[in-house]
Enquirer: 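Mind having a look at this structure? Questions to follow.
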Amino acid sequence: GSGDGQGQILQRFPEKDWEDNPFPQGIELFCQPSGWQLFPERNPPTFFVAVLTDINSERHYCACFTFWEAVESPQPQSHTRNGEGEEEEEEAASSLVQPAQLFAPKSLVLVSRLDHAEVFRNSLGLIYTIYVDGLSVSLENVIGNLLTCTIPITGGAQ
């Protein structure tokens, strides 16, 4: 078709809303403000941070890292009516020239109440690298490690 589509949330952490920090509704629309479109060539990854303000005037910093993945392009269908020759079928097929491969955007989004754009970029870049390189690491573990830190007690053991 036209190459336009709708965004879809494939996975999220945490899986359920936290009472004090609900999941932003419509985040999939926010990630691609110009719409979810297929492209004939792979675009370079992009990163941006925007601030969303909720009903209580609380700021939520949304870091969005978008990259493009190859998708199967639909093959043109050529139908001939009974009695038509092969020449017309070949003409119809050659008039429907489509790119051999199309690329769809995929976004990684981090939502935080803290304003740390460089940390967000590095964290999303690490998740992207693990995903693209196909490393056998659980994304749940990676995200858990990124979000967890141990603060040592002054003068004591950790």
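Remember, predicted model here, so these are calculated numbers, not experimental data.
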Enquirer: CD of E15: more than 12 outside heavy atoms within 6.0 angstrom?
Expert: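 No.
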Enquirer: Taking all non-hydrogen atoms of both residues into account, name the closest pair between E41 and F103 and its distance.
Expert: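 In terms of heavy atoms, the two residues are closest at C-CD1, 3.3 Å.
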Enquirer: Looking at C62 and I27, what are the two nearest heavy atoms and their distance?
Expert: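 So the minimum-distance heavy-atom pair works out to SG-CD1, 4.1 Å.
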Enquirer: Check whether any side-chain heavy atom of V111 lies under 4.5 Å from a side-chain heavy atom of P24, and answer yes or no.
Expert: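 In short, these two side chains touch, coming nearer than 4.5 Å.
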Enquirer: Should F48 and L52 be regarded as members of a common hydrophobic cluster, given that ILVMFWY residues are connected when their side-chain heavy atoms come within less than 4.5 Å of each other, either directly or indirectly?
Expert: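 Same cluster: F48 reaches L52 through Ile, Leu, Val, Met, Phe, Trp or Tyr contacts under 4.5 Å.
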Enquirer: What's the shortest heavy-atom distance between G7 and E28, and which atoms?
Expert: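 Where G7 meets E28 most closely, the heavy atoms are O-CG, 3.8 Å.
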Enquirer: Flag yes if more than 12 heavy atoms outside R42 fall under 6.0 Å of its CZ atom; otherwise flag no.
Expert: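 Yes, because the 6.0 Å sphere around CZ of R42 holds more than 12 heavy atoms from other groups.
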Enquirer: Between the side chains of R12 and D17, is the shortest nitrogen-to-carboxylate-oxygen separation below 4.0 Å, so that they form an ion pair?
Expert: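 Counted as a salt bridge, because a side-chain N and a carboxylate O are separated by less than 4.0 Å.
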Enquirer: With the 4.5 Å side-chain cut-off for hydrophobic clustering, are F47 and V51 part of the same group?
Expert: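 Linked within one cluster.
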Enquirer: H60 versus R113: any side-chain heavy-atom pair under 4.5 Å?
Expert: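 A side-chain contact exists here, since the closest heavy-atom pair is under 4.5 Å.
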Enquirer: Nearest 0.5 Å please: distance from the CG atom of L146 over to the CG atom of L126.
Expert: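 So the gap between those two atoms works out to 5.5 Å.
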Enquirer: Ring centroid separation for F120 and Y61, is it under 6.0 angstrom?
Expert: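 So the answer is no for these two rings.
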Enquirer: I need the L108 CG to S123 OG distance, nearest 0.5 Å.
Expert: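 Taking CG in L108 and OG in S123, the distance rounds to 11.0 Å.
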Enquirer: Identify the two heavy atoms, one from A104 and one from V71, that lie closest to each other, and give their separation to 0.1 Å.
Expert: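 Reported closest heavy-atom pair: CB-CG1, 3.7 Å.
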Enquirer: Do Q8 and L10 come close enough that some side-chain heavy atom pair is under 4.5 Å?
Expert: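 Touching, per the 4.5 Å side-chain cut-off.
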Enquirer: Could you tell me whether the side chain of F65 reaches within less than 4.5 Å of the side chain of L110, counting heavy atoms only?
Expert: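 In short, these two side chains do not touch, never coming nearer than 4.5 Å.
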Enquirer: Would you say N56's side chain and E58's backbone share a donor-acceptor pair under 3.5 angstrom?
Expert: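 Pair absent, no side-chain N/O of N56 close to backbone of E58.
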Enquirer: I need the minimum non-hydrogen distance between C31 and W36, along with the two atoms involved.
Expert: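 Of all heavy-atom pairs spanning C31 and W36, the closest is CB-CZ2, 4.1 Å.
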Enquirer: Hey, quick one: are V119 and L124 part of the same hydrophobic cluster, counting side-chain heavy atoms closer than 4.5 Å, chains of contacts allowed?
Expert: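 Unlinked, V119 and L124 end up in two clusters.
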Enquirer: Measure the acute angle between the ring planes of F39 and W68, then classify it against the limits of 30° and 60° as parallel, tilted or perpendicular.
Expert: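 Geometry flag for W68 against F39: perpendicular rings.
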Enquirer: Quick one: pull up OG in S107 and CD1 in I9 and give me the separation to the nearest 0.5 Å.
Expert: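 Between atom OG of S107 and atom CD1 of I9 there are 11.0 Å.
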Enquirer: At their closest point, which heavy atom of L102 faces which heavy atom of P40, and how far apart are they?
Expert: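 Closest pair (atom of L102, atom of P40, distance): CD2-CA, 4.0 Å.
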Enquirer: CZ of F67 to OG1 of T46: how many Å apart, nearest 0.5 Å?
Expert: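 Answer rounded to 0.5 Å: 10.5 Å.
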